[in-house]
Each structure stands twice: as C-alpha cells, then as structure tokens.
Amino acid sequence: MQTKSDRLKALPPYLFAEIDRKKKAAVAAGRPIIHVGIGDPDTPTPAFIVEAAQRFVADPKTHSYALDNGDPHFRQTIATWFEKRFGVLLDPLTEILPLMGSKDGISHLPLAIMNPGDVGLVPDPGYPVYAASVRFAEGEVVRFPITPERGYLPDFAAFDAKDLKRAKVIYLNYPNNPTAAGATKAFFAVAVEWAKKHDILIAQDAAYSEVYFEAPPPSILEVPGAKDVAVEFHSCSKTFSMTGWRVGWVAGNPDVIASLCALKTNMDNGIFTAMQWAAAVALEGYDRKEIHDLRKMYRRRRDVLLRGLKAMGLEVNHPDATFYVWIRCPAGLDSRTFADRLLTEADVVATPGVGYGPHGEGFVRMALTVNEQKLQEVCERIKKLKL
Ligand code: PLP
C-alpha cells in the first residue's frame, strides 16, 4: 500500500530531527535542559482574553459551523485595528480573511494561486513552510539569499530574469525569522515597485510585527498601491501568547484573498467562532498594559542574552523586533556542530541556522521564550565551553 505521496517524499529531510532526537534522550535521562530552540511563548494568554473565550465557548451561538470567509465582527475588528495601527484602510469583507493561524494561509497560498511549474521565490534563510508549500503546489522553489551584508534584505537586482518570468509569488518576512532583521517602509516601497514591474505577488509574513522593542514595524500595505500586488499575513500567536489558539488573518489584495478563501472552502469549515470573538477581544485590548508588559518582558530577556553572549565574544545581531537572537558560530564550527555541542556539553537547545536554508549556515538561533534567569544560566553554561 502506498502511504506517502511523491509530494511528501520530495520534501527535504527534516534538519532538526537529529537535534530533536538528542534533546528527547537528554530530557529522558533527566538532564537539566534549557530549551531556547522554538519560538513558542512560555507565558500564558492574558486573562482578559481567556475569560472572554470561556464565555464565548459557553454561548451556543458559536457552536455551529463558522462562516468560510470569517466572522463579520472579527473582520471589522481587524479592519479597525489595521487603521489604528498602520493608518491603512481595508474593506473587511474583501480585503481581510481570518485564518487558523498565519501558517494556515501561508501554506495554502501557493495551492490557491500557482500552477505546476510556476516559480515561488523563497528567502534563504527562511521559515521552512514557504518552500514546503510551494513544493506541495508542484511549484519550483527558487531561494534568494538574505545576508548580513545587506541587512538580511533581498537584492532585487540579483534575481535571474528567467526565474522572474515564471515567478508567481515572493515571500518576504519582516520582522524576520530567524535573523530578527527588520524592514523599513522605504524598503517595502521598493519591493512593491519591483513586484509591479514583474507582475509577482508579494506574500509578506508579519507574524512578528507586534513583538517589537523600538519603533513599531511598518506594514507593507502602508505603501500606496501595495494592495495591487501584496498580501500580508498576521497572527495573534506571538502578540498575545496565543500560539495554541490558531487565529490569524491575511489582508490585502482582494483577488488573492478570494482565491485563498475559495481553496479553503474546500478544505475546512472556518475557525471556531468563539476563537474569532476571543481574537477580536485580544485585538480590541491591544493597548492594554498586559500586552505592553509582554513586550517589555521580551526586551529584558533580549538584553540579558545579548549582554551575556557579547561578553564572551560571540557575534550577535541586535533585534529590534521578534523574540529571536541570531548568533554567529565561533570560528571553525558549522551550525550543526555548534548546536550539537550546545546540547551535549551545555544542555542548551538552540536551532542550527542551516535548518532555515544554506545561507543560514554559520549561525544558530535562540528564542527568548524562557525567563531571564534561565537565559543567564544559558550564558554561564556556554561560557564554560571551550569554543
Ligand atoms: N511565520 C513565521 C515567520 C513564523 O515563525 C511562524 C511560527 O513560528 C508563523 C508564521 C506561523 O505562526 P501562526 O500560524 O501561529 O500564526
């Protein structure tokens, strides 16, 4: 019996599998592992959101199939938030689609807009879902490097003209996972102009736009005319510590949103209405102290980790947003070896940069999803290694 499609077989081997196996063995052996490997907030969802959700779950009005194109109240709340936060006006009916987390939309987008053989341009290093979903749609993945020399922004002049002719979509992701790099509105303006010239959709992943420590990052939709060629993915996951709740949305080009909605109508039956109403409560409470406190917490953690790593001579970026720290491997160590030594000699789980693409080689990523004391301990343990 065939149990695996060629599509699934074509996915590259899971590069974190080996480290995952070793981590599990270490935990089973009772070693004091500190996990700074994954970007999953360690703090609970703020109580005002949980309490609202409890009420909504108990309300029979939320118990039937949800509408495919999302709950009208949630869509309106997103539109209001978008205007307040970015000064961008969106039609809640046609320019916003609620999603089961941004990954839901990111991963289904190629199936909705690409034909087999079309090219998807994917950042390297980048969130692995972009490449996997282009492959699932039988598209061709063309990776473009994002490097420290260019602030981890793409070099639009460096694309191959033949690839551009066949390209249907380019994935951008700012604030960026794994490098924590940001993008300015001026950069987004250049990207929009380039996309118009080449008739390519920009799928900008803004899952981390609200985890910031300096000025709030811009939306690509702030660029006049961006809606002609761009959609932007947003999420409640990181902003409100709601990763398990699975709520996000996509905003922007109405034709792309209609295609994605048509595809998803054949795959799911919308998001549990209680979750959409709870997400609306979260967005309405965006300016509450609890949410500002989350940012302050990540900022303090960032400072502890940066101070410790820099003090031992490691080269690290300075994240203005996201909860990631991108660390250059000490001379002579590749990212897998460095991550492996961190795990086996210091009981610290970090992710090797090469897992995000070949240009991630030479770096490891740590997430600020453990408390300050543990981050301090991470630094002390690394200091003891002979690197
Ligand atoms: N985009 C990026 C860059 C991510 O790192 C993640 C999750 O880690 C997501 C999107 C998906 O987030 P969610 O589906 O929870 O909104």
Side-chain angles (χ1 to χ4, degrees), residues 14-16 35-43 45 49 70 74 78 81 96-110 120-134 143 146 152-154 169-183 202-212 217 219-220 231-252 260 264 267-268 271-272 275-276 278-279 282-283 294 298 317 319 321-326 349-351 353 355-357 360 363 365-369:
Y14 182 51
L15 274 157
F16 304 129
H35 202 323
V36 283
I38 57 164
D40 195 353
D42 58 322
T43 50
T45 308
I49 305 170
F74 183 35
I78 294 167
W81 177 81
I96 291 171
L97 178 68
L99 298 166
M100 294 175 196
S102 57
K103 185 176 184 179
D104 171 22
I106 291 166
S107 61
H108 285 121
L109 180 73
L121 303 169
V122 168
D124 170 14
Y127 181 49
V129 174
Y130 311 137
S133 51
V134 168
R143 291 176 183 276
I146 53 171
Y152 295 103
L153 297 171
V169 62
I170 181 169
Y171 281 97
L172 298 180
N173 168 217
Y174 298 101
N176 185 258
N177 173 17
T179 69
I202 299 175
Q204 146 65 3
D205 176 357
Y208 295 93
S209 68
E210 308 315 310
V211 185
Y212 57 80
S219 160
I220 196 168
V231 290
E232 188 165 78
F233 293 94
H234 285 260
S235 177
C236 290
S237 289
K238 323 282 173 168
T239 315
F240 303 108
S241 291
M242 287 174 69
T243 45
W245 298 53
R246 312 310 304 136
V247 193
W249 66 90
V250 60
L260 187 57
K264 279 173 48 61
M267 293 186 149
D268 60 61
I271 310 156
F272 184 16
M275 293 300 109
Q276 297 189 69
L283 270 187
L294 280 175
Y298 288 126
N317 62 347
T322 79
F323 40 54
Y324 299 118
V325 174
W326 189 235
V349 179
T351 44
Y356 302 94
F363 294 86
R365 191 197 75 175
M366 288 189 191
L368 302 169
T369 46

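Indexing begins at 1, ligand by ligand and atom by atom, following the structure's order.
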### Query
Does any donor atom in the side chain of Thr351 or Tyr356 lie under 3.5 Å from an acceptor atom in the other side chain?
yes
### Query
Should the pair Tyr298 and Phe323 be assigned to parallel (<30°), tilted (30 to 60°) or perpendicular (>60°) ring geometry?
tilted
#### Entry: Side chain to side chain, Pro41 and Thr243, heavy atoms closer than 4.5 Å
yes
### Summary
Sorted by chain and residue number, the residues having a heavy atom closer than 4.0 Å to an atom of ligand 1 are Gly101, Ser102, Lys103, Ile106, Tyr127, Tyr130, Asn173, Asn177, Asp205, Ala207, Tyr208, Ser235, Ser237, Lys238, Arg246
### Message
Measuring only between side-chain heavy atoms, which start at C-beta, is Val325 closer than 4.5 Å to Asn317?
### Response
yes
### Task
Check whether the side chains of Tyr324 and Tyr208 place a donor and an acceptor atom closer than 3.5 Å, and report yes or no.
yes
#### Entry: Non-hydrogen side-chain atoms of Tyr171 and Tyr127 separated by less than 4.5 Å
no
